Structure formats: C-alpha cells, structure tokens
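Note sheet for the following structure.
None of the values given here were measured: they were computed from a predicted structure.
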Amino acid sequence: MDVTLFLADSAQVSEGKLHALGIGWSHTSSPMTGPSALGIIFHVPWDETNRRTRWTLDLLDADGKAIQIPDGRGGTQGIHVENDLEVGRPPGVKPGSAINVPFAIVFPPLALSPDSRFEWVLRVESKDWRAAFATRPNTDPTARR
C-alpha cells in the first residue's frame, strides 16, 4: 500500500473524491487561529483489497514525542486517530489496478508552542508517512515566552 498525505486548511470527502483548500503549507501561526486538515489518499494495490488494514495517526514534536493537549478534565492527552480500512474491488476495474480511498481529517485550532517543529505520522502496518510543519516564532513583545 502507498499513501499520499498532505496538510491543508480544510478538506472533505464527497462522492469518493477528496476536496481540499489551502494545500501545501508548512508554517503556521501559534496558536493556530483556524482549523487545519489532513488529506489522505490510500492507494490500495489490487492484491490487498478485500482485507482489513489498521492505520493510526499521531501528532509528534521534534523529538518524536506525542503532543499533549488538555483533555477537559484537568489532564492531558495525545492527538491520536486510528481506524480500519477495507476496500473491495469495484465492478469494471481492471485486474491489477490500485484502488484509491480518500480520507479527510479536520482538526480544531491547536495551541501549539511557537517556533517549534511538528510532524503528523500516519502508520499503516509497519510503514510510516509523514507531514511536517512548523509554528512561527511569537513576535508579540508582550506575549509570554
């Protein structure tokens, strides 16, 4: 299996197609002032169809540690998504063709540390795909560092 993974301002799946706006950014404000999204296209080889595959997604810092956000109960939790993927072979698709499965995940604004590097890591079985980005330095002289 192969995967296309990208950052966007917004994304959604409709009628089997991935639609996205603001694709290709690599730097953002901190805290993020608006939502962000990950666009994912799973390219499932013909011989891997009709079987369930588990995937996970995590947001990590520059040291490879899970980002912790408030959980609303006085504690923190990592940003972690997991799901199963299973795709069949559509009628009329020629044998040997890869089947594309689009997926979009939208995140609310995140209070990430300024002047830092982050990475979304998508794992399918033992293979990883990554989408890295950085937050800009805080330029407000009255802001706490």
Side-chain angles (χ1 to χ4, degrees), residues 1-140:
M1 180 179 307
D2 200 10
V3 172
T4 300
L5 177 67
F6 61 85
L7 299 162
D9 292 338
S10 66
Q12 71 179 32
V13 173
S14 173
E15 298 181 12
K17 295 184 268 184
L18 178 61
H19 305 275
L21 296 171
I23 299 169
W25 57 267
S26 61
H27 289 79
T28 188
S29 62
S30 179
M32 295 176 84
T33 55
S36 60
L38 274 174
I40 305 168
I41 302 173
F42 295 95
H43 308 281
V44 182
W46 184 261
D47 60 345
E48 292 181 29
T49 58
N50 298 315
R51 75 175 177 104
R52 184 167 291 159
T53 302
R54 188 88 172 149
W55 61 268
T56 62
L57 177 72
D58 293 283
L59 182 58
L60 307 179
D61 66 15
D63 295 324
K65 295 183 178 144
I67 295 300
Q68 298 294 308
I69 59 171
D71 66 6
R73 299 181 303 263
T76 61
Q77 66 182 18
I79 301 175
H80 175 78
V81 177
E82 60 183 79
N83 207 340
D84 290 324
L85 172 70
E86 184 173 357
V87 61
R89 297 174 180 166
V93 175
K94 298 208 180 294
S97 300
I99 310 297
N100 287 345
V101 180
F103 207 89
I105 304 174
V106 178
F107 296 96
L110 299 171
L112 301 174
S113 300
D115 198 22
S116 299
R117 186 179 172 284
F118 302 93
E119 194 168 53
W120 286 107
V121 179
L122 176 73
R123 176 167 281 192
V124 180
E125 297 173 343
S126 62
K127 190 168 180 187
D128 292 347
W129 289 267
R130 298 170 184 268
F133 67 98
T135 51
R136 293 183 192 94
N138 190 338
T139 56
D140 181 356

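- Taking every heavy atom of both residues into account, Ala104 and Leu18 meet most closely at CB-CD1, 3.9 Å.
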* Please test Ser29 against Arg136 for side-chain hydrogen bond (donor to acceptor under 3.5 Å, both in side chains), starting from the C-alpha separation and ending with a verdict. => CA-CA 5 Å; Ser29 62; Arg136 293 183 192 94; 5.0 Å; no
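- Among residues two or more places apart in sequence or in another chain, the salt bridge (charged side-chain N to carboxylate O under 4.0 Å, His left out) test is passed with Asp84 by Arg54.
- The two residues Gly16 and Pro102 make their nearest non-hydrogen contact at O-CG, 3.3 Å.
- Closest approach of Ser97 and Lys94 over heavy atoms only: OG-O, 2.8 Å.
- Partners of Asp128 according to the salt bridge (charged side-chain N to carboxylate O under 4.0 Å, His left out) rule, which considers only residues two or more places apart in sequence or in another chain, are Arg123, Arg130.
- For the pair Asn138/Asp115, no side-chain contact is recorded, criterion being any heavy-atom separation below 4.5 Å from C-beta on.
- The closest donor-acceptor contact from the side chain of Thr135 to the backbone of Ser113 lies under 3.5 Å.
- With values rounded to the nearest 0.5 angstrom, Ser116 atom OG is found 10.0 Å from Asp63 atom CG.
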* Please step through side-chain contact (heavy atoms from CB on, under 4.5 Å) for the pair Arg117 and Asp61, ending with a clear verdict. => CA-CA 6 Å; Arg117 186 179 172 284; Asp61 66 15; over 6 Å; no
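- Residues Trp120 and Leu60 are not in side-chain contact: their nearest non-hydrogen atoms beyond the backbone lie 4.5 Å or more apart.
- Of all the heavy atoms in Val106 and Pro35, the pair that sits closest is CG1-CB, 4.4 Å.
- Under the 4.5 Å side-chain criterion, counting only non-hydrogen atoms from C-beta, Thr53 is in contact with Met1.
- Put simply, CD1 on Ile41 and CG on Leu5 are 10.0 Å apart, with the number rounded to the nearest 0.5 Å.
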* **Thr76 vs Asp71, side-chain contact (heavy atoms from CB on, under 4.5 Å): CA-CA, chis, key distance, verdict** => CA-CA 5 Å; Thr76 61; Asp71 66 6; 5.9 Å; no
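- Contact check on Glu125 versus Arg51 returns a salt bridge, with a Lys/Arg side-chain nitrogen under 4.0 Å from an Asp/Glu carboxylate oxygen.
- Listed by first and then second residue, the ring pair (Phe, Tyr, Trp, His ring centres under 6.0 Å) pairs that reach into residues 68-105 are Trp55-Phe103, sequence neighbours excluded.
- No side-chain heavy atom of Phe107 sits less than 4.5 Å from a side-chain heavy atom of Leu59.
- Val81 has its side chain out of reach of Thr56: every pair of non-hydrogen atoms, C-beta onward, lies at least 4.5 Å apart.
- Distance check, rounded to the nearest 0.5 Å: NZ of Lys17 to CG of Asn100 gives 13.5 Å.
- The shortest non-hydrogen separation linking Ala11 to Ala37 is N-CB, 3.6 Å.
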* Asked: Stepwise, does the side-chain contact (heavy atoms from CB on, under 4.5 Å) test hold for Trp129 with Asp2?
  -> CA-CA 9 Å; Trp129 289 267; Asp2 200 10; 3.2 Å; yes
* Go through Leu122 and Val3 one step at a time and tell me if the side-chain contact (heavy atoms from CB on, under 4.5 Å) criterion holds. => CA-CA 9 Å; Leu122 176 73; Val3 172; 3.4 Å; yes
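- Distance check: Ile67 CD1 to Gln77 CD gives 13.0 Å after rounding to the nearest 0.5 Å.
- In this structure, the side chains of Ile69 and Ile79 come closer than 4.5 Å at one or more pairs of heavy atoms.
- By the salt bridge (charged side-chain N to carboxylate O under 4.0 Å, His left out) test, Arg52 pairs with Glu86, sequence neighbours left out.
- With sequence neighbours left out, the side chain to side chain contact (heavy atoms under 4.5 Å, CB included) criterion links Pro90 to Val93, Ile99.
- Using a 4.5 Å heavy-atom cutoff, the side chains of Phe118 and Leu110 are not in contact.
- Between Leu7 and Leu38, some side-chain heavy-atom pair lies under the 4.5 Å cut-off.
- Residue pairs meeting the ring pair (Phe, Tyr, Trp, His ring centres under 6.0 Å) criterion with at least one partner in residues 5-36, sequence neighbours excluded, are Trp25-Phe133.
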